[in-house]
Amino acid sequence: MIEKTKDNEYLVRIPWSYSQTDRDGKDEYWRDTCAWAMERFGLPGHRFAAKLNEYAISFYFQHEQDAIVFLLRWS
């Protein structure tokens, strides 16, 4: 789901539970997600930003189209 924030950014949250891997590969999903975002949208700070907490990783996009592409790829 995409949420529009009060700062006119588009938020996509991915809960940590989405990582369906074993103990040896638990970080691979998140590495792939972040690497793909940087390859597609550039370094954080221009077209998107990411924030972490104990429940999810949140991606904030400047453009709705970018949020849609990201959501379709990683949800």
query = Can you name the nearest heavy-atom pair linking P15 to A56, along with the distance?
reply = CA-CB, 3.8 Å
remark   = Rounded to the nearest 0.5 Å, the CD1 atom of I68 sits from the CD atom of E64 at a distance of 4.5 Å
key: I57: partners by side chain to side chain contact (heavy atoms under 4.5 Å, CB included), with sequence neighbours left out   = I14, W16, W30, C34, L52, F59
message = For E3, give me all partners under salt bridge (Lys or Arg N to Asp or Glu O under 4.0 Å), at least two apart in sequence or on another chain.
response = R13
query = What are the two closest heavy atoms between F70 and A37, and how far apart are they?
reply = CE1-CB, 4.1 Å
message = To check you understand the geometry: which heavy-atom pair defines the closest contact between M38 and L43, and what is its length?
response = SD-CD2, 4.0 Å
ask   = Which other residues belong to the hydrophobic cluster containing L11, where Ile, Leu, Val, Met, Phe, Trp and Tyr are joined when side-chain heavy atoms lie under 4.5 Å apart, directly or via other members?
value = Y60
remark   = Residues passing the ring pair (Phe, Tyr, Trp, His ring centres under 6.0 Å) test with Y10, sequence neighbours excluded, are none
query = Under 6.0 Å between ring centres, would you say that holds for F61 and F41?
reply = yes
query = Distance-only, no hydrogens or angles: does the D7 side chain make a donor-acceptor pair with backbone N or O of E9 under 3.5 Å?
reply = no
note = Taken in chain and number order and not counting sequence neighbours, the residues that satisfy salt bridge (Lys or Arg N to Asp or Glu O under 4.0 Å) with R47 are D66
note = All heavy atoms of V69 vs all of W36, minimum pair found to be CG1-CH2, 3.8 Å
ask   = With sequence neighbours left out, what residues match N8 under side chain to side chain contact (heavy atoms under 4.5 Å, CB included)?
value = K4
Residue pair V12 / W74, side-chain heavy-atom distance below 4.5 Å = no
